[in-house]
Amino acid sequence: MENDSFYEKVYWVVRQVPAGRVTTYGAIAAFLGTKGSSRVVGYAMGASVHVLPRVPAHRVVNRTGLLTGKQRFGSPHLMQQLLENEGIVVEDDQIKNFKEVFWDPATELILP
DNA sequence: AAGCTGACAGCAG
DNA sequence: CCTGCTGCCAGCT
């Protein structure tokens with residue numbers, strides 16, 4: 001993974017997020033060792049639309065469980081639709097049972 | 001080569 | 001309790 005950029009690392013982690021679960025920018029940043037780069041994680045997600053295979057960016061939200069990047073999905077409600085389609089309860093761009101569906105890579109991710 | 005930008009997070013007022 | 005300001009790191013112009 002050393003030939004991959006920081007973005008690629010972020011994309012890899014996001015792809016490991018199972019359906020019906022979500023994670024946060026800070027959790028990914030901390031997992032990669034750079035806790036302060038949570039903003040970079042967000043920026044990486046913004047660029048994820050240009051990346052193949054497609055990254056399930058809708059499973060990444062901020063620490064409050066708010067769908068901050070929904071605007072980047074083309075339709076303002078597409079991100080919410082995708083999450084609800086996976087069984088996640090979303091109300092007014094806010095994940096309700098956020099604590100239950102939260103998926104922490106540092107504790108639940110199993111490295112190959 | 002230098003500065004600006006950004007789907008955040010945390011602490012202070 | 002809610003609103004605002006600062007710190008942070010990698011990419012891009």
Side-chain angles (χ1 to χ4, degrees):
Chain A
M1 220 192 339
E2 41 281 323
N3 62 329
D4 293 331
S5 63
F6 186 83
Y7 282 26
E8 291 298 323
K9 295 178 185 177
V10 175
Y11 301 146
W12 181 83
V13 175
V14 176
R15 280 191 285 255
Q16 310 312 308
V17 181
R21 308 300 276 299
V22 295
T23 188
T24 67
Y25 305 96
I28 297 173
F31 176 75
L32 295 178
T34 53
K35 185 186 177 186
S37 62
S38 51
R39 307 184 76 177
V40 183
V41 175
Y43 190 60
M45 302 318 298
S48 66
V49 289
H50 306 290
V51 179
L52 293 174
R54 301 296 170 117
V55 180
H58 59 278
R59 295 177 191 155
V60 185
V61 297
N62 70 342
R63 73 173 188 89
T64 66
L66 189 67
L67 311 188
T68 51
K70 63 169 187 173
Q71 196 68 27
R72 282 235 120 268
F73 283 78
S75 286
H77 289 238
L78 180 58
M79 186 175 184
Q80 180 175 341
Q81 290 285 294
L82 291 169
L83 290 172
E84 290 183 332
N85 188 43
E86 296 180 351
I88 298 177
V89 182
V90 181
E91 184 177 310
D92 191 41
D93 305 331
Q94 170 68 44
I95 298 177
K96 304 307 290 182
N97 54 340
F98 176 61
K99 186 178 180 181
E100 297 180 20
V101 298
F102 176 66
W103 182 85
D104 188 0
T107 59
E108 305 199 52
L109 178 58
I110 304 173
L111 293 89

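Basis for what follows: all heavy atoms, side chains included, without hydrogens, waters or symmetry-related copies. Reminder, nothing fancy here: chain letters follow the sequence lines and each chain counts from 1.
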Got a donor-acceptor contact below 3.5 angstrom from the A/D92 side chain to the A/Q94 backbone? no
Let's test this: given Watson-Crick or G-U wobble pairing with both distances under 3.5 Å, identify the partner of C/dC8. none
Mind checking if A/G26 touches a base, just sugar-phosphate, or nothing, with heavy atoms under 4.0 Å? sugar-phosphate
Among B/dA9, B/dG6, B/dA7, which is the nearest nucleotide to the side chain of A/T24? B/dA9
Give the cluster check for A/I88 versus A/F102: same hydrophobic cluster or not, with ILVMFWY residues linked at side-chain heavy-atom distances below 4.5 Å. yes
By the 4.0 Å heavy-atom rule, please label A/V60 as base, sugar-phosphate, or nothing. base
Distance in angstrom units between A/D4 CG and C/dA10 P, rounded: 15 Å
Between C1' of B/dA7 and CZ of A/R72, the distance in whole Å: 8 Å
What is the distance from CZ of A/F6 to C1' of C/dC8, rounded to the nearest Å? 11 Å
Side-chain donor/acceptor contact of A/S38 with base of B/dC8 under 3.5 Å: yes
Of the non-hydrogen atoms in A/M45 and A/A57, which two are nearest, and what is the gap between them? CE-CB, 3.4 Å
How long is the line joining CG of A/L83 and P of B/dA7, in whole Å? 18 Å
Out of B/dG10, B/dA7, C/dC9, which has the shortest distance to the side chain of A/S37? C/dC9
I'd like to know if A/Y25 reaches the base of B/dA7 with its side chain such that a donor and an acceptor end up less than 3.5 angstrom apart. yes
Can you tell me how far P of B/dC8 sits from CD of A/Q71, to the nearest Å? 13 Å
Looking at every heavy atom in both A/W103 and A/V13, which two are closest together, and how far apart are they? CZ3-O, 4.4 Å
What contact category does A/A57 fall into here, base, sugar-phosphate, or nothing, at under 4.0 angstrom with non-hydrogen atoms? base
Provide, to the nearest angstrom, the distance between the CG atom belonging to A/L78 and the P atom belonging to B/dA7. 17 Å
Between P on B/dC8 and CZ on A/F98, what's the gap in Å once rounded to a whole number? 14 Å
Return the nearest nucleotide to the side chain of A/K35; candidates are C/dG11, B/dA7, B/dG10. B/dG10
Where the side chain of A/Y43 is concerned, which of B/dA7, B/dA9, C/dC12 is the nearest nucleotide? C/dC12
Among B/dG6, C/dA10, C/dC9, which nucleotide has an atom closest to any side-chain atom of A/R39? B/dG6
Could you state the atom-to-atom distance from NZ of A/K70 to P of B/dC8 in whole Å? 14 Å
Partner of A/I28 under side chain to side chain contact (heavy atoms under 4.5 Å, CB included), chosen from A/T34, A/T23, A/V17: A/T23
